[in-house]
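The structure appears below as structure tokens.
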Amino acid sequence: SHDYHFGLEDHEGISELFDCE
Amino acid sequence: PPQTPIKAAMASIQQLRGDLVSSGDQPSTTLATYFKNCTIDPTQGMLKRLEMLGQTFSQRFSQAVGPRFIIIGKQRFTLGVRLYYKVMEEMLKSEEKRLSVQNFSKLLNDSTFHTSLLACALEVVMATYGESSFKAGGYNQANGSETAETDLCFPWILDVFSLAAFDFYKVIESFIKAEPTLSKDIVKHLETCENLIMEKIAWRTGSVLFELLKQEHEGGAAEQAEAPAS
């Protein structure tokens, strides 16, 4: 519903971003 | 009746408060189940962290806007905690779907994750209340200057929680995905924070980013050691 551009194409979830997968 | 800035602001605040009415100040039963499924239960650590960050936030809030507003600072923090729990639950649900696991012990015991998520929730609350109107000054988007006067505009929250901009950046996208009821203005505000980090704050002297880039360049050597966060 909003125009936010989801740009972090390489990441799939928050665990990965915090190196916790 | 014509929409005025005040009416729009009131509507946003009503919506935020309304969305969080059912959330409560404690983790929901679903969230509590995620905590119980962890190898190491993160509950006590989370409560201690929230208590400490709550004190820091209230103190810094009243320092910035005046001691008369200490109660307001506490109210903002309480709303922020509700949003933090709500978004955390949605994030975990989508991670459960994606990874087919229910044990998020590593993530839920990661202090930086919690602090970043709470900071983002508080930034949403503060932006909804238009906290910058408490005081003039802060970051001037028109000419990119900063005044010496303390206010509550981003990146104020990073300083309050001693949080690296780089870590705050990590939660923004997932936060927006997890909370589809965020208004257009708030999403735009978070994008502004994102751009500020990317174009300016992350490149300040002492940023963790330089160390991470160095490790990336060293490549092989870094991999031989205990794998650092890449």
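In the text below, chain A, chain B and the rest are named by the order of the sequence lines, each starting its count at 1. On a predicted model such as this, the values are computed, not experimentally measured, just so you know. For the numbers below, each heavy atom of this structure counts, side chains included, while hydrogens, waters and symmetry mates do not.
The aromatic rings of Phe57(B) and Phe161(B) sit tilted relative to each other, their planes meeting at an angle between 30° and 60°.
Not one N or O on the side chain of Thr128(B) forms a donor-acceptor pair closer than 3.5 Å with the backbone of Ile13(B).
Heavy-atom distances place the side chain of Leu99(B), and not its backbone, under 4.5 Å from chain A. Looking at Ser116(B), only its side chain comes within 4.5 Å of chain A, counting heavy atoms on both sides. Of the atoms belonging to Val171(B), heavy atoms from both backbone and side chain fall under 4.5 Å from chain A.
A salt bridge links Glu21(A) to Arg98(B): at least one charged side-chain nitrogen sits closer than 4.0 Å to a carboxylate oxygen. Using a cutoff of 4.0 Å between basic side-chain nitrogens and carboxylate oxygens, Lys93(B) and Glu89(B) are scored as salt-bridged.
Across Tyr34(B), Phe113(B), Phe35(B), a single residue satisfies side-chain contact (heavy atoms from CB on, under 4.5 Å) together with Phe104(B), and that is Tyr34(B).
Applying a 4.5 Å heavy-atom cutoff, none of the residues of residues 40-52 of chain B approach chain A.
Atom CE of Met198(B) has more than 12 neighbouring heavy atoms from other residues, nucleotides or ligands inside a 6.0 Å radius.
Of all the heavy atoms in Val81(B) and Asp25(B), the pair that sits closest is CG1-O, 4.3 Å.
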